[in-house]
Amino acid sequence: MAMPQSEAYVAADMSQDHTSELGHVRPWRHIERRHSRRIMVGDVPVGGGAPISVQSMTNTPTSDAAATIDQIRRLEEAGADIVRVSCPDEDSTAAFRTIAREAKVPLVADIHFHYKRGIEAAQAGAACLRINPGNIGSPDRVREVIQAARDHGCSMRIGVNAGSLERDLLEKYGEPCPDAMVESALNHARILQDNDFHEFKISVKASDPFLTVAAYQQLADAIDCPLHLGVTEAGPLRTGTIKSAIGMGSMLWAGIGDTIRVSLAADPVEEIKVGFDILKSLGLRHRGVNIIACPSCARQGFNVIETVGVLEERLAHVTTPMSLSIIGCVVNGPGEALYTDVGFTGGGKGAGMVYLSGKTAHKLANDGMVDHIVELVEAKAAELEAARAAAKLEAAE
């Protein structure tokens, strides 16, 4: 029996990092997620307790199908669950059909203003339309888009941004504020609900984390649809990551959010990496090797920073959820190793200690540590994958 899609995101065995179970024995790690109804974006469940999906958006010209497909492939390899593609004109929606056929993950067509682009994108294979119903014209045009979504199995995302609020709301409230953003979102949602269309999620994004968090908190209490989180236009890689981690992290910690997109002025692949790192830090998703490393000091028995940088690159291909501790000395090293799958602690005199599943294993010379640690991690990943496959087989029987 095939694993349900909603379970495909959850590792069967976290080894030393049973984060999904820790709420039972360590209640201070438990996150009580907001209850929302579930929708589908292609074969990816969003809301209703489904694992929080990670999204990014292409920045190639959509009319250049080859370039867009190539970027989507890189996002898929990085772990993207959903990818958004802008469809500003007919050339873009014409290319979208080819792009959707090649993509392995569901695509969201980003539509602004022109209702025909939404219809064309639905017909071309979009799994979801990012669209604000109130911006695309008459009720008849809205109904046409909704019917196209129904006919082709598309869900929708209502996307409210502080930088593009409706004029009447700006006049009413004087400036972008949580009340204005939530009113805009609910007005758009009402249009879909009045047409008996309920397969939608909502985002209320701002570049200001304070405004973003306040708007989402208010929206979360006002409606039960899934919420797409994001701090929009967060900035370049470093500062944008920090701003997103503060804004989205606080909401996720409070249980708000069903799918996320980190908006960075950087390679879209970085958005996926940061998104997973935010979720991993909260124990909400697990993908790849979680490296625990000290910042290094004069006590270090080897060059920690250089070693971690090399290991991060060498282990990027490992998607199995697992943990690795790289600590420079024995002050915290053995303690950290107790809770990781593989650990290495510097001990001086050109060698350190290797730990496997929290237990002392053997000494290792610094000179060959990187290659050996990579081998140990790959072996542990293979062991975990074999255990997961066996558990799936047993469940199917």
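- Connectivity analysis of hydrophobic side chains (ILVMFWY, heavy atoms under 4.5 Å, direct or indirect) links Tyr173 to Leu169.
- Checked against side-chain contact (heavy atoms from CB on, under 4.5 Å), Thr60 has the following partners two or more places apart in sequence or in another chain: Thr58, Ala67, Thr68, Gln71.
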Just distance, no hydrogens or angles: give the donor-acceptor pairs under 3.5 Å from side chains in residues 225-235, sequence neighbours left out.
| residue | atom | partner | partner atom | Å |
| --- | --- | --- | --- | --- |
| His228 | ND1 | Gln55 | NE2 | 3.4 |
| His228 | NE2 | Lys205 | NZ | 3.1 |

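- Every residue meeting the side-chain contact (heavy atoms from CB on, under 4.5 Å) condition with Ala245, not counting sequence neighbours, appears here in chain and number order: Ile278.
- Phe200 contributes atom CZ, which lies 14.0 Å from atom CD1 of Ile131 (distance to the nearest 0.5 angstrom).
- Counting side-chain heavy-atom gaps under 4.5 Å among Ile, Leu, Val, Met, Phe, Trp and Tyr, the cluster of Ile246 also holds Ile242.
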Side-chain donor-acceptor pairs under 3.5 Å in residues 367-378, sequence neighbours left out?
| residue | atom | partner | partner atom | Å |
| --- | --- | --- | --- | --- |
| Asp371 | OD1 | Arg314 | NH1 | 3.1 |
| Asp371 | OD1 | Arg314 | NH2 | 3.2 |
| His372 | NE2 | His362 | NE2 | 2.9 |
| Glu378 | OE2 | His317 | NE2 | 3.0 |

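- Asp89 and Ser92 form a side-chain donor-acceptor contact under 3.5 Å, judged by distance and modelled atom types alone.
- Contacts classified as salt bridge (Lys or Arg N to Asp or Glu O under 4.0 Å) and involving residues 187-202 (residues at least two apart or in different chains) are not found.
- Applying the side chain to side chain donor-acceptor pair (under 3.5 Å) rule to pairs touching residues 142-151 yields Asp140-Arg143, Gln147-Asp151, sequence neighbours excluded.
- Residue pairs meeting the ring pair (Phe, Tyr, Trp, His ring centres under 6.0 Å) criterion with at least one partner in residues 55-108, sequence neighbours excluded, are absent.
- Hydrophobic side-chain contacts under 4.5 Å tie Phe113 to no other Ile, Leu, Val, Met, Phe, Trp or Tyr residue.
- Shown here are the side-chain contact (heavy atoms from CB on, under 4.5 Å) partners of Ala222, two or more places apart in sequence or in another chain: Leu186.
- Taking Ile, Leu, Val, Met, Phe, Trp and Tyr as members and joining any whose side-chain heavy atoms lie under 4.5 Å apart, directly or through other members, the hydrophobic cluster of Tyr355 also contains Met353.
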